[in-house]
Amino acid sequence: MRKQFTKIASIALAAVLTVGVLGSTVQNVQAATVASAASLQFTDVKSSHWAYSAVQQAVSKGYIDGYTNGTFKPDVSVTRAEFAKMVVAAMELDVQDASGKWYVPYVNSATKAGLYASADFSNNDAGWNKVMTRDEMARMAARAIGETTKEDDKWMYLATKAGLIQGVGKGQLAPKGLTTRAQAVVLIERILSKNTGAYLDVDKYAVGNAEIAWHGTNIFTVMPEMWVTPESDWKQAGKSSVEEMWNEKLMTITSKDGLYQAKLDALVAIDLADPNDPNLGLIAPINTLKWYNNRPSVTNLMVKDQKNSYVLYFKGGPVFNKDTKKYNPNTKIQFRVDGFNSPDRDAFFQEGVLNAVARVYRNSRTDMTAVIIPKTGTIQQTDLVIRLQTPAAGSNFSESIPLRLRGIQ
């Protein structure tokens, strides 16, 4: 339902509330008047500008304005208060008169609508007058389309997955980057579109990076068709999605006697079929990488010939090793991936056909902490499992399991 906004009679106060001049000095506010909605041509936002369409729509809808000199100033930073005001105005939320600073009515409206929580930052003048970061923008944007989470580091993931936020460069998140007027209106237009059921383009590289920042892996973004399980499994586990089945608390493994510890910083999935995959550099150069079919005499199985595959790169290593006689003093983290089995073991071992998960190496069998998994051709005979292990045998052996899925077997 479209709601009416509180009207403010004072012309001076109206100028202060105009987002186009917020943050300026009193003198600048008094000197500026907004650009007419009937003439939306700004000298600094040409038709070739990346935010041109969003700026046109935003000004037409009236939740932001330009300046009297015919500019929009797309690169000027936006404060938290300004952004909150724009979102509230664009979503046509109810705004009631309130005493105090100009932004208080909008903050009250944003709080009532669940767009702002006191835990986000201090609800005071110092807090609201700070420039909005991309991370804070993602938080408010995700809430504006109805997303919820109790995990502070998940907001960017929710916002990128919904198509609200795109990456900077090749999927870079820049969470501490400052929000500009152009970025603000583009995001708000996406919020409005999303709330009408429109489809938004998604930056999969940004989503992948946001997933890593959230819980330490991007496997559900990069290879979602591989890590699957019945919906009933994750619902029964009290999770809202299969992604939440990953347990980042189990990314650290400590031996039973407390003498050894290793930590998985990130499990990074890399799509070998995608030349623009931002994580290819982790395993470069690709041309010298090999995969192992458990036959030491075979050394010519090249990863570059298996483009229709994923590589799982285990980024991490030992935290401490207080007994190098019990625990192998190597510098690599020890792991295992189960569930992607060969339907024809002779083809794998004898003919060098990649039809199962296989170890990746460059020169020696253990010099890379990675495995390769073909996109097709495997069968599932066990649960899909990611294991971290202590480098010891017998009673000293133990393991931690960040992920176990029943899969589709």
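Any value given below was found using the heavy atoms of this structure, including those in side chains, with hydrogens, waters and symmetry copies removed.
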- Query: Which pair of heavy atoms, one from Gln306 and one from Ile372, lies closest together, and at what distance?
  - Reply: CB-CD1, 3.8 Å
- Query: Do the two ring centres, one from Phe340 and one from Trp227, sit under 6.0 Å apart?
  - Reply: yes
- Are the side chain of Asn321 and the backbone N or O of Asp323 linked by a donor-acceptor pair below 3.5 Å? yes
- Task: Check whether more than 12 heavy atoms from other residues, nucleotides or ligands sit under 6.0 Å from atom CZ of Arg362, and answer yes or no.
- Result: yes
- Note on the structure: In this structure, CG of Leu301 is separated from CH2 of Trp291 (nearest 0.5 Å) by 4.5 Å
- Is there side-chain contact between Ile188 and Val87, with at least one heavy-atom pair below 4.5 Å? yes
- Side chains of Tyr103 and Asp125: do they bring a donor and an acceptor to under 3.5 Å? yes
- Is the backbone of Arg406 close enough, under 3.5 Å, to the side chain of Gln380 for a donor and an acceptor to pair up by distance? yes
- Between Ser255 and Asp257: side-chain donor-acceptor atoms closer than 3.5 Å: yes
- Message: Is it the case that the side chain of Arg359 and the backbone of Met368 share a donor-acceptor pair, with hydrogens and angles ignored and the cut-off at 3.5 Å?
- Response: yes
- Message: Are Thr378 and Asn341 packed together at the side-chain level, in the sense that at least one heavy-atom pair is separated by less than 4.5 angstrom?
- Response: no
- Task: Could you pull out all residues at least two apart from Arg387 that satisfy salt bridge (Lys or Arg N to Asp or Glu O under 4.0 Å)?
- Result: Asp338, Glu399
- Side chains of Asn355 and Ser342, donor plus acceptor under 3.5 Å: yes
- Carboxylate-amine/guanidinium contact Lys161 Glu243, below 4.0 Å: yes
- Does a sphere of radius 6.0 Å around CD in Glu225 hold more than 12 heavy atoms from other residues, nucleotides or ligands, not counting ones at 6.0 Å or beyond? yes
- Measuring from Thr71:OG1 to Phe42:CZ, what's the distance to the nearest 0.5 Å? 8.0 Å
- At what distance, to the nearest 0.5 angstrom, does OG of Ser400 lie from CD1 of Ile386? 11.5 Å
- Task: Side-chain contact test, heavy atoms from C-beta onward, threshold under 4.5 Å: evaluate it for Ile219 versus Leu312 and give yes or no.
- Result: yes
- More than 12 non-hydrogen atoms from neighbouring residues, nucleotides or ligands closer than 6.0 Å to NZ on Lys61, yes or no? yes
- Message: Looking at Ile270, is its backbone amide N or carbonyl O close enough to the side chain of Asn279 to form a donor-acceptor pair, meaning the two atoms are under 3.5 Å apart?
- Response: no
- Within 45° cone and under 6.0 Å: Arg365 NZ/CZ vs Tyr361 ring: yes
- Message: Side chains of Val78 and Val131, heavy atoms from C-beta outward: is any pair under 4.5 Å?
- Response: no
- So, the side chain of Trp155 versus the backbone of Glu136: is there a donor-acceptor pair under 3.5 Å, distance only? no
- Task: Ignoring hydrogens and angles, tell me if any N or O in the side chain of Thr79 forms a donor-acceptor pair with the backbone of Asn129 under 3.5 Å.
- Result: no
- Message: Is there a side-chain contact between Arg181 and Pro74 in this structure, where contact means two heavy atoms from C-beta onward sitting under 4.5 Å apart?
- Response: no
- Donor-acceptor pair, side chain of Ser109 and main chain of Val95, under 3.5 angstrom: no
- Inspect the surroundings of NZ in Lys112 and state if more than 12 heavy atoms from other residues, nucleotides or ligands are less than 6.0 Å away. no
- Compute the centroid of each ring, for Trp234 and then for Phe220, and state whether the two points are separated by less than 6.0 Å. no
- Message: Working to the nearest 0.5 angstrom, can you tell me the gap between Lys332 NZ and Thr369 OG1?
- Response: 7.0 Å
- Query: Do Leu267 and Tyr313 come close enough that some side-chain heavy atom pair is under 4.5 Å?
  - Reply: no
- Salt-bridge test for Lys154 and Asp152: reply yes if a basic N is under 4.0 Å from a carboxylate O, no otherwise. no
- Message: Less than 4.0 angstrom from a charged side-chain N to a carboxylate O is my criterion; do Asp274 and Lys204 meet it?
- Response: yes
- Item | Leu200 side chain reached by Leu164 side chain, heavy atoms, under 4.5 Å | yes
- Hey, is the main chain of Ala144 close enough, under 3.5 Å, to the side chain of Asn195 for a donor-acceptor pair? yes
- Distance, nearest 0.5 Å, that separates CG of Asn330 from OH of Tyr327: 13.5 Å
- Query: Are Phe335 and Gln389 side-chain neighbours, meaning at least one heavy-atom pair lies under 4.5 Å?
  - Reply: no
- Return yes when atom NZ of Lys263 has more than 12 non-hydrogen atoms of other residues, nucleotides or ligands closer than 6.0 Å, and no otherwise. yes
- Message: Please determine whether salt bridge (charged side-chain N to carboxylate O under 4.0 Å, His left out) holds for the pair Glu147 and Lys194, giving the CA-CA distance in whole Å, both sets of side-chain angles, and the decisive distance to 0.1 Å.
- Response: CA-CA 12 Å; Glu147 295 287 0; Lys194 190 72 174 181; over 6 Å; no
- Item | Gap between atom CD1 of Ile379 and atom CD1 of Ile408 - 0.5 Å precision | 11.0 Å
- Task: Mark yes or no for whether Glu211, through its side chain, and Val207, through its backbone, hold a donor-acceptor pair below 3.5 Å.
- Result: no
- Check for a donor-acceptor pair, side chain of Asp367 on one end and backbone N or O of Asn363 on the other, with a separation under 3.5 Å. yes
- Do Ser240 and Glu244 get their side chains close enough for a donor-acceptor pair, meaning under 3.5 Å? yes
- Applying side-chain hydrogen bond (donor to acceptor under 3.5 Å, both in side chains), which residue pairs with at least one partner in residues 114-123 are found, sequence neighbours left out? Asp120-Arg139, Asp120-Arg143, Asn123-Trp128
- Task: Please assess Gln57 against Ser53 for the test side chain to side chain donor-acceptor pair (under 3.5 Å), listing each intermediate value before the final yes or no.
- Result: CA-CA 6 Å; Gln57 294 180 63; Ser53 177; 3.1 Å; yes
- Message: So which atom in Ile145 and which in Ala162 form the shortest heavy-atom distance, rounded to 0.1 Å?
- Response: CD1-CB, 3.6 Å
- Query: Is the charged tip of Lys375 near the ring of Tyr310: under 6.0 Å from the six-membered ring centre and within 45° of its axis?
  - Reply: yes
